[in-house]
There are 2 protein chains.
Amino acid sequence: MRSNDFSKIKNNMSPDIESLIQKFSRLPGLGPRSARRMVIHLLRNREQSMEPILTNLEQVYKNVKICPICSNIDTFTDVCSICSDGRRRKDIVCIVENVSDLWAIERTSCFFGQYHVLKGLLSSLDGRGPEFLKLDELQDRCRENGVTELIIALSATVEGQTTDHYIKNFFKNKNIKTTSLAHGIPMGGELDYLDDGTLFAAFSARG
Amino acid sequence: MRSNDFSKIKNNMSPDIESLIQKFSRLPGLGPRSARRMVIHLLRNREQSMEPILTNLEQVYKNVKICPICSNIDTFTDVCSICSDGRRRKDIVCIVENVSDLWAIERTSCFFGQYHVLKGLLSSLDGRGPEFLKLDELQDRCRENGVTELIIALSATVEGQTTDHYIKNFFKNKNIKTTSLAHGIPMGGELDYLDDGTLFAAFSARG
């Protein structure tokens, strides 16, 4: 079938659809193949799937706001629904790395205080210094709201622990208790499969 | 921290964002976790990522059309760019199960004829009968365009092969050659890891 006449014909796919696939494929967790599958599903279910997603995405795009107090992402309200919820305690603030960590904590329903979302963890490699932690703002907020405890809920990675240490140091001698999440065996975890560091931490913090 | 006062507070996430995550998680290849990651990425990159995707999706949504001749999906043009491309041969038609298969063949640039996209493969389980193959329409088209060959490019599954057989039978004694894709060892495939069926087919069709 291949002939010189036909070699000029190339890719008859709609450029709009192609660029949509390309844009989706750049999202985290998606590659070119899964993006294509997704877009084909959307195209084939124009009314049932594409339309509701489009409307919803439009709404979120228009109304998404970053809370000026805690940097949580919310829609419609200027101050996010957590900061403006009068039933939540204002004297305990939980420090998280990003909004997905905040949402993860919210899903557990174990915390009823407020949040402080960092702009990122300290990282000399990625050039993120203390200004990314917005600790001065947090200190002002602590003074205004009479915060008594800061829960530092960061990942147990090198960057997370460095940041944890820096924050603790910053609030030393400022009359605010700083606590960190406990390290130990995860629920359902078998001792046999645990790494040495976790086992060591679990032993040290036994009680 | 858990107390009766606080137990009423539940999930302070924006319902818009939550429903967007839910909608994305229903797409093929995505689950609740990957959908959440995707949405968070979009929220954090509102200008660079969310806006272009939104605009593009809107465009595709408005302009997407199903070709009345071959059932390919395209934007803007009523008759798809493959059917309306005068340089492509009209006397060879390739029968595919769906648009993603069509795109896969287009990417190889090995075929310069036209297509016929089925509504689905024959399946007694899912209740798909011969009307899903639109063979009468295809026959009319063959007569009009003087089609001499039909390439049946269906998956090597039971349903695919049943449909292949049905189409071949339908066009028997109608002066149109029907061919199927070759079965054999995939490129880069090691004999050792091949299933028996493929090896058998490769042996039978050796040449």
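By convention in this document, chain letters (A, B, ...) are assigned in the order of the sequence lines, proteins followed by strands, and residues within each chain are numbered from 1. Basis for what follows: all heavy atoms, side chains included, without hydrogens, waters or symmetry-related copies.
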Over all atoms of both residues, closest heavy-atom pair of [X] and [Y]:
X: Y61(A); Y: E51(B); value: OH-CG, 2.8 Å
X: R107(A); Y: R36(B); value: NH2-NH1, 2.9 Å
X: V60(A); Y: I17(B); value: CG2-N, 4.2 Å

Distance in Å, T55(A) OG1 paired with D16(B) CG, rounded so as to fall on 0.5 Å steps: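 One finds 11.0 Å between OG1 of T55(A) and CG of D16(B).
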Sort L102(B) into side chain, backbone, both or neither according to what part of it lies under 4.5 angstrom from a heavy atom of chain A.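 The answer is neither part of L102(B).
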With a 4.5 angstrom heavy-atom cut-off, which part of I40(B) approaches chain A: side chain, backbone, both or neither?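 I40(B) touches chain A through side-chain heavy atoms alone.
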Inter-chain contacts: residues 122-143 of chain A against chain B, heavy atoms under 4.5 Å: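 Checking residues 122-143 of chain A against chain B gives no residue, so none.
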Contact residues of residues 23-32 of chain A (partner chain B; heavy-atom separation under 4.5 angstrom):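 Hits under 4.5 Å: K23(A), F24(A), L27(A), P28(A), G29(A), L30(A).
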Tell me, side chain or backbone of I105(A) under 4.5 Å from chain B's heavy atoms, or both, or neither?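 The answer is neither part of I105(A).
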Is chain B contacted by the side chain of L57(A), its backbone, both, or neither, given a heavy-atom distance below 4.5 Å?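 Both backbone and side chain.
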Set of residues satisfying side-chain hydrogen bond (donor to acceptor under 3.5 Å, both in side chains) with respect to E149(B), sequence neighbours excluded: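 If we apply the side-chain hydrogen bond (donor to acceptor under 3.5 Å, both in side chains) test to E149(B), skipping adjacent residues, the hits are T179(B).
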Going by side-chain hydrogen bond (donor to acceptor under 3.5 Å, both in side chains), name the residues that satisfy it together with S49(A), two or more places apart in sequence or in a different chain.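 S49(A): no side-chain hydrogen bond (donor to acceptor under 3.5 Å, both in side chains) contacts found.
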